[in-house]
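Sharing a structure with you now.
We number each residue from 1, following the sequence as shown.
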Amino acid sequence: MDVLAYWDGPLGDLAFRRGWTHGIPALFVWPFLLTGLMLLLDRLVRAWRPGLEVPHAREILRLSAIAIVSHPILDTLNTYGVRWLMPFDGRWFYGDTLFIVDPWMWLVLALGVGLSRGGRDRAARLGLAAASAYVLVMVGLALAGRRVASAELMAMGGGPVQQLLVAPVLADPFTRRVVARQADGYRTATFHWLRRPHIDPASVRRFPAPSAADPALLAAARTIPGRRFLGWARFPMVQVEQRAEGDVVHIVDLRYRERAGPGFAVVSVPLPATPR
């Protein structure tokens, strides 16, 4: 359903995704809708092949509920986040625990599914247990990483950490990407569990953080793309490109990238030309 948001104008996907469809009220509705669709599909198929076994509606509802509820729970574990309280509250909730496509989770679950064929349910149960244990370990590393990263950033200067991301990276559970907001701006860095200090000083980069009264930010926020992007962005950084025909405000989310350009996690808002 979230895919339909791509037709809702500029950045409609960021404005809608992981919102209404993922909020707690929707989770009480989706299992029944999915069960109804599956039973309708079954009726159509059995009209063509009447010899098929009649499904149990209660079992389909149970499986639908498990699938629907587990979806936003797993979504919450990555850095993109979920708006659990929609449509009443648009706050984002982030787990910062697993990479958005974690290869180790896929491998363990795929092995469980593959080895369980032929009625060997034990393999599926073991795969699910191993995946759950992996998630719990990663949750522990995420919480501990935030504590350690905050202390090391403060020791480097810049004042107290006001906002912090210690994000997983692809395929390496012992390395994380750090984005922090402190009094003197943003810092990004690489965090290694197997080294001391855990934050590599050579990896630290500094970026300016916009204030709420930044004229370029306010001007961009008055446009539909700017407003939608800022409602989604977690660490917005503003870059203004001056052009003869009017300035262009680039807003980058440091959660995913560090410079403007084509692609994900950046929006470019052209402003009308004004006399200098």
Side-chain angles (χ1 to χ4, degrees), residues 2-20 78-81 83 86 90-92 94 96 99-101 153 156-167 169-170 177-190 199-276:
D2 278 9
V3 174
L4 299 178
Y6 283 93
W7 281 271
D8 185 27
L11 300 186
D13 55 320
L14 296 186
F16 186 76
R17 287 188 65 205
R18 298 195 182 188
W20 284 65
N78 57 52
T79 59
Y80 196 104
R83 289 172 283 183
M86 285 288 284
R91 277 182 296 169
W92 288 89
Y94 313 96
D96 300 338
F99 192 74
I100 195 163
V101 182
L153 285 168
M156 292 178 185
V161 176
Q162 303 168 4
Q163 191 179 0
L164 179 64
L165 167 71
V166 184
V169 299
L170 177 64
R177 182 172 183 272
V178 175
V179 184
R181 181 164 189 166
Q182 296 176 267
D184 63 345
Y186 290 128
R187 277 184 170 86
T188 65
T190 302
I199 292 181
D200 180 5
S203 71
V204 176
R205 300 186 64 191
R206 292 174 175 81
F207 299 90
S211 69
D214 188 315
L217 191 66
L218 292 174
R222 286 193 287 268
T223 67
I224 291 176
R227 184 174 66 251
R228 288 177 168 179
F229 188 87
L230 290 169
W232 167 83
R234 194 168 166 187
F235 296 89
M237 179 181 65
V238 176
Q239 299 173 344
V240 179
E241 179 185 356
Q242 294 184 345
R243 297 179 181 176
E245 64 273 19
D247 294 346
V248 177
V249 179
H250 304 287
I251 309 176
V252 178
D253 191 341
L254 283 174
R255 179 174 31 165
Y256 297 112
R257 58 190 299 163
E258 296 183 352
R259 64 177 62 185
F264 179 65
V266 62
V267 65
S268 298
V269 180
L271 301 180
T274 55
R276 298 194 182 282

Crowded around R259 CZ? As in, over 12 foreign heavy atoms under 6.0 Å?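 No, CZ of R259 has 12 or fewer neighbouring heavy atoms, counting only those of other groups under 6.0 Å.
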Minimum heavy-atom distance between V238 and A216, given as atom pair plus value: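 Scanning both residues, the minimum pair turns out to be CG1-CB, 4.1 Å.
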On a heavy-atom basis, which atom in F99 and which in V169 lie closest, and how many Å separate them?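 That closest heavy-atom pairing would be CD1-C, 3.6 Å.
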Considering non-hydrogen atoms only, spot the tightest contact between G81 and Y94 and give its length.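 The answer is CA-CD2, 3.6 Å.
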Do you know which two heavy atoms are closest between A213 and L218, and how far apart they sit?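 It is O-CD1, 3.8 Å.
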Could you check whether any side-chain heavy atom of V249 comes within less than 4.5 Å of a side-chain heavy atom of V267, counting everything from C-beta outward?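 No - every pair of side-chain heavy atoms lies 4.5 Å or more apart.
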Work out which heavy atom in P236 is nearest to a heavy atom in P210; give both atom names and the distance.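 So the minimum-distance heavy-atom pair works out to O-CD, 3.2 Å.
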Working to the nearest 0.5 angstrom, can you tell me the gap between T188 OG1 and I199 CD1?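 These two atoms lie 10.5 Å from each other.
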Is there side-chain contact between I251 and L217, with heavy atoms separated by less than 4.5 Å?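 The answer is yes, as the side chains (C-beta and beyond) meet within the 4.5 Å cut-off.
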Matching residue for D96 among R177, R255, R234 - test: salt bridge (Lys or Arg N to Asp or Glu O under 4.0 Å):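 For D96, the salt bridge (Lys or Arg N to Asp or Glu O under 4.0 Å) check succeeds only for R234.
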Any pair counted as side-chain hydrogen bond (donor to acceptor under 3.5 Å, both in side chains), so long as it reaches residues 220-230, sequence neighbours left out: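 Sorted pair list: D8-R228.
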Value rounded to 0.5 Å, distance of CZ in R181 from CZ in F207: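 Here the rounded value is 14.0 Å.
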Rounded to the nearest 0.5 Å, how far apart are CG of L165 and CG of L254?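 Taking CG in L165 and CG in L254, the distance rounds to 10.0 Å.
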Do S268 and F229 make a side-chain contact, defined as non-hydrogen atoms from C-beta onward lying under 4.5 Å apart?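 They are not in side-chain contact.
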Where does the angle between the aromatic ring planes of Y80 and Y256 fall among parallel (under 30°), tilted (30 to 60°) and perpendicular (over 60°)?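 Ring orientation, 0 to 90° scale: tilted.
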Between CD of Q163 and CZ of F235, what distance do you get to the nearest 0.5 Å?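 Answer for the CD-CZ pair, Q163 versus F235, is 4.0 Å.
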Who pairs with R83 by side chain to side chain contact (heavy atoms under 4.5 Å, CB included), at least two apart in sequence or on another chain?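 Per chain and number, R83 pairs via side chain to side chain contact (heavy atoms under 4.5 Å, CB included) with M86, W92.
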Heavy-atom pair with the smallest gap, counting every atom of P10 and I224: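 Distance-wise, the nearest heavy atoms are O-CG2, 4.4 Å.
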Can you list every pair that meets side-chain hydrogen bond (donor to acceptor under 3.5 Å, both in side chains) and has a residue in residues 9-20, with sequence neighbours left out?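 Counting only pairs at least two positions apart or across chains, the side-chain hydrogen bond (donor to acceptor under 3.5 Å, both in side chains) contacts touching residues 9-20 are R18-D75, R18-N78.
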Looking at OG1 of T190 and CZ of R205, how far apart are the two atoms once the value is rounded to the nearest 0.5 Å?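 Atom-to-atom, T190:OG1 and R205:CZ are 10.5 Å apart.
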Can you tell me how far the CH2 atom of W232 sits from the CG atom of D253, to the nearest 0.5 Å?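 Interatomic distance, W232 CH2 to D253 CG, rounded to 0.5 Å: 4.5 Å.
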